[in-house]
Student: 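Sharing a structure below in structure tokens format, with a few things to ask.
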Amino acid sequence: EVQLVESGGGSVQAGGSLTLSCVASGPTHRSCLAWFRQAPGKEREGVAAIDSDSVTRTRYAESVKGRFTITKDNALNTLTLQMNSLKPEDSAMYYCAAKSGFCWLPSLSGSEYAYWGPGTQVTVSS
């Protein structure tokens with residue numbers, strides 16, 4: 001069983017930066033981990049994903065490439081999302097998620113993830 005808890009959300013002006021963290025309890029050292037987001041009235045969107053066993057294997061949504069960076073500290077069992085050059089359209093509830101079992105491919109499909117955190121709110125004002 002894996003439990004995930006996000007932190008680091010808040011309010012920021014457009015162009016600013018925020019760093020989200022997700023502390024995991026339980027075995028995630030060989031799992032796929034990812035960040036998702038959901039804005040009111042919109043579908044959940046995969047933002048970034050990473051292979052814990054090979055942290056250079058990452059995947060990003062086109063909308064955040066070049067602005068967001070996902071990293072994993074296996075010693076601390078912590079997932080991080082560094083968000084730069086934030087835009088109002090980045091405003092959403094952000095969720096950390098983990099797959100069950102071995103990470104074959106870090107994907108951005110929410111249906112493939114078994115464990116979810118409660119979320120942290122990010123608001124970007126123009």
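Values below: every heavy atom of this structure, side chains too, minus hydrogens, waters and symmetry copies.
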Student: Could you tell me if E45 and S63 have a donor-acceptor pair between their side chains, going purely by distance under 3.5 Å?
Tutor: yes

Student: Would a 4.5 Å heavy-atom cut-off, applied to side chains only, mark Q82 and T71 as touching?
Tutor: no

Student: Which heavy atom of A14 sits nearest a heavy atom of S126, and at what distance?
Tutor: CB-CA, 4.3 Å

Student: What verdict does the side chain to side chain contact (heavy atoms under 4.5 Å, CB included) test give for E6 and Y94, after you've listed the backbone C-alpha separation in whole Å, the side-chain angles of each residue and the deciding distance to 0.1 Å?
Tutor: CA-CA 8 Å; E6 306 93 338; Y94 281 71; over 6 Å; no

Student: Are any non-hydrogen side-chain atoms of T58 and P106 less than 4.5 angstrom apart?
Tutor: no

Student: Tell me whether T120 contacts the main-chain N or O of G9 through its side chain, where contact means a donor paired with an acceptor under 3.5 Å.
Tutor: yes

Student: With no hydrogens and no angle check, is any side-chain donor or acceptor of N77 less than 3.5 Å from a backbone partner on G26?
Tutor: yes

Student: Using side-chain heavy atoms (C-beta onward) and a distance below 4.5 Å, is L79 in contact with I50?
Tutor: yes

Student: Mind checking whether W116 and F36 have parallel, tilted or perpendicular rings, split at 30° and 60°?
Tutor: tilted

Student: Answer yes or no: is there a donor N or O on one side and an acceptor on the other, between the side chain of S31 and the main chain of S100, under 3.5 Å?
Tutor: no

Student: Does S54 use its side chain to pair, donor to acceptor, with the backbone of D51 at less than 3.5 Å?
Tutor: no

Student: Write down the atom of K99, the atom of L105, and the distance for their closest heavy-atom approach.
Tutor: NZ-O, 3.0 Å

Student: Just by distance, do the side chain of T78 and the backbone of V23 share a donor-acceptor pair under 3.5 Å?
Tutor: no

Student: Decide side chain to side chain donor-acceptor pair (under 3.5 Å) for S107 and S109; before the verdict, give the C-alpha distance in whole Å, the side-chain angles of both, and the deciding distance to 0.1 Å.
Tutor: CA-CA 6 Å; S107 83; S109 174; 5.2 Å; no

Student: So M83 and V122, do their side chains get closer than 4.5 Å, heavy atoms only?
Tutor: yes

Student: Should D90 and R67 count as an ion pair when the cut-off is N to O under 4.0 Å?
Tutor: yes

Student: Which heavy atom of A92 sits nearest a heavy atom of R37, and at what distance?
Tutor: CB-CB, 3.8 Å

Student: Under 4.5 Å between side-chain heavy atoms, counting indirect links through other Ile/Leu/Val/Met/Phe/Trp/Tyr residues: same cluster for V12 and V64 or not?
Tutor: yes

Student: Would you say CD of Q3 has more than 12 non-hydrogen atoms from neighbouring residues, nucleotides or ligands within 6.0 angstrom?
Tutor: no

Student: Might you point out which heavy atoms bring V2 and Y115 nearest each other, and give the distance in Å?
Tutor: O-CD2, 3.5 Å

Student: Would you name the heavy atoms of A48 and L81 that are closest together and state the gap between them?
Tutor: CB-CD1, 4.1 Å

Student: Would you say the side chains of T28 and K72 form a donor-acceptor pair under 3.5 Å?
Tutor: yes

Student: Suppose we call two aromatic rings close when their centres sit under 6.0 Å apart. Are W35 and F68 close by that rule?
Tutor: no

Student: Using every non-hydrogen atom in the two residues, find where V5 and P118 come nearest and quote the distance to one decimal.
Tutor: CA-CD, 4.4 Å

Student: Does R59 reach the main-chain N or O of A34 with its side chain, forming a donor-acceptor pair under 3.5 Å?
Tutor: no

Student: Which pairs pass disulfide (SG to SG under 2.5 Å) with one or both residues in residues 26-71, sequence neighbours excluded?
Tutor: C32-C103

Student: Ring of Y60, cation from K65 - is the NZ or CZ under 6.0 Å from the centre and inside 45° of the axis?
Tutor: no

Student: Side chains of L18 and L86: closer than 4.5 Å at any heavy-atom pair?
Tutor: yes

